Amino acid sequence: MATDGRRREILQEVEELRRRRNESSKQIGLWMGSLKKLEAELKRAEAGQDVGQDVAQLRAQLLTLQANADNAKEETRLMGERITDLDEELRQVDAALREYMLWVPNLPHESVPDGPDDSHNIAYPPQGAPEPHFAFTPKPHWELGPELDIIDFERGVKMSGSRFYVLKGWGARLQRALIQFFLDYHITRHGYTEVYPPFMMRAAMFEGAGQLPKFKDNIYRDAEEDYMWLGTAEIALTNMHRDEILEEAELPKKYVAYTPCFRREKMSAGRDVRGIKRGHQFDKVEMYRFTTEETSYQALAEMVQDAKDVCQALGLRYRLVEMVTGDLGFAATKKYDLEAWAAGCQEWLEISSISNCEAFQARRANIKYRPADGGRVRYAHTLNGSGLALPRVMIALIENNQQEDGSIVIPEGLRPYMGGAERIPAA
RNA sequence: GGAGGGAUGGCCGAGCGGACGAAGGCAACAGUCUUGAAAACUGUAGUGGGCAUUGCUCACCGGGGGUUCGAAUCCCUCUCCCUCCGCCA
């Protein structure tokens, strides 16, 4: 790349100039020191004290020294000017280079199957609960919700417009129960540390996580201040260790956070407008890991399992989907989705997305670790995965567990979080 | 929102225009002493970049600009922290 070559040229020249300036500044410093001494001696000599030399000699020395220093100053000043010019050019080149780099997506891992788009993703056989069968026609959640008075679409739209809804009564409680359930599961069984981050943060954090500049249109931001609303907790968790050097011994770091997520969904305009599948605001429990270079793919496999575990515990019917090169997104080197079957809308819904970003985010957010063997500091690898995304899990539960009498059976594991209730009662 | 004070190496803390990448202390690592440990003593120790395969060099004292031959030190600006006042869940 030409820009990079130019950058190196400037760098070398500017450093050489700096070296010379440093040298000559030191010399000037020495001269200035002697000059002061001489002046003092001259003063004393003029006052008639004996300093070993007469006034004329001292004057001559002083003048020579002064001339030397002045010459050197002038010379060095010119160097300084050249340095200032080069610095300016360097700034521009750096900015251009950085701007360019920020738009370069991550490269796929060699194991990622080739394919142009999501239609080529590899879906593995369904796991978990068997496909539910009904003696009646199961309803989609956008019918069940209002009927049971647990989802209120109209009032959501009244207050905030399309793609907003209100959860009420058992609906709101179900979501809250799921959040608790997921967090508890991951911290007690999978060893994650729970994190409650800010929900809005500076633009630089979004750059670090790879959301900016590319996905600017999908982010809500404050009109007056440099705040943006999280589209996912991943952004917060990535930047937890921004500008830090971790010790290898403290890796892997495993975090789990519940946050609401805010997305403009501009690029998906008109898609999935029905129900609660794709809103401008949704809740998610997110898993995140910082690992060494060597262990990130092992960690990816573990995180997939972590997400499967909660699906299993909720009695979902789910399947693993492996993303092809064309559907990896911007930051991931390898990515799996987990999809849950929803019997009402007859759809596989994405409830989790689990990615290894390797050093992509670490480079942007400057996250490093010191190897245990004392070697050079290296970039950490980062991984993120939903564990899980709430609305779609709600859809699957509501639709799959609906009964002929209109009630909805609550999965056993969730009941302690629902006040012991076994069902959401029919209206 | 108003008025002040501050940000220095892993931590504490000095330096406030010239040999400062930065005193001193603590912590860390290695060694001496010891049966072992502690104490004491000695030594090593930051990050990033550029050339060059023992080395040389540049940058970094919250971020960014500037003044100067020369900036941790002076000026501007931004961010953050603290104290007092006001407001507030």
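Being a predicted model, the structure only gives us computed values, none of them experimental. Order of the sequence lines sets the chain letters (A, B, ...), proteins ahead of strands, with each chain counted from 1. Side-chain atoms are counted along with the backbone in the values below, which use heavy atoms only and exclude waters and symmetry mates.
Using Watson-Crick or G-U wobble geometry with both donor-acceptor distances under 3.5 Å, A40(B) finds its partner in U32(B). A59(B) is paired with U47(B) under the criterion used here, namely a Watson-Crick or G-U wobble arrangement in which both key atom distances are under 3.5 Å. Base pairing of C84(B) is made with G2(B), judged by Watson-Crick or G-U wobble geometry with both donor-acceptor distances under 3.5 Å.
Qualifying side chain to side chain contact (heavy atoms under 4.5 Å, CB included) partners for K26(A), counting only residues two or more places apart in sequence or in other chains: none. Contacts of F153(A) classified as ring pair (Phe, Tyr, Trp, His ring centres under 6.0 Å), with partners at least two apart in sequence or in another chain: none. Scored by the side chain to side chain donor-acceptor pair (under 3.5 Å) test, D309(A) finds H190(A), Q305(A) as partners (sequence neighbours excluded). Residues meeting the side chain to side chain donor-acceptor pair (under 3.5 Å) test with Y417(A), sequence neighbours left out: D184(A).
Rounded to whole Å, the C1' atom of U73(B) lies 13 Å from the corresponding atom of U67(B). Nucleotides A23(B) and G46(B) place their P atoms 13 Å apart, quoted to the nearest Å. If you take atom C1' in G15(B) and the same atom in U53(B), they sit 39 Å apart, rounded to whole Å. Of the P atoms belonging to U79(B) and G24(B), the separation is 37 Å, rounded to the nearest Å.
At least one donor-acceptor pair under 3.5 Å links the side chain of R364(A) to the backbone N or O of L102(A). Of the possible polar contacts, none joining the E41(A) side chain to the L58(A) backbone as a donor-acceptor pair under 3.5 Å is found.
The residue among R77(A) and E16(A) whose nearest nucleotide of RNA chain B is located toward the 5' end is E16(A). Of the two residues contacting RNA chain B, namely E88(A) and V14(A), the nearest-nucleotide position lying further toward the 5' end is that of V14(A).
Contacts between residues 238-247 of chain A and RNA chain B, counted as heavy-atom distances below 4.0 Å, involve no residue at all.
Contacts of R7(A) with the nucleic acid, taken as non-hydrogen atoms under 4.0 Å apart, are absent.
Relative ring orientation between H280(A) and F164(A) is described as tilted, the plane-to-plane angle lying within the 30° to 60° band. Taking the six-membered ring where the residue is Trp, H186(A) and Y192(A) present perpendicular rings, their angle passing 60° and hence far from 30°.
Along RNA chain B, the stretch of nucleotides lying under 4.0 Å from any heavy atom of chain A spans, 5' to 3', G18(B) to C80(B).
A side-chain donor-acceptor contact under 3.5 Å links D114(A) and T325(A).
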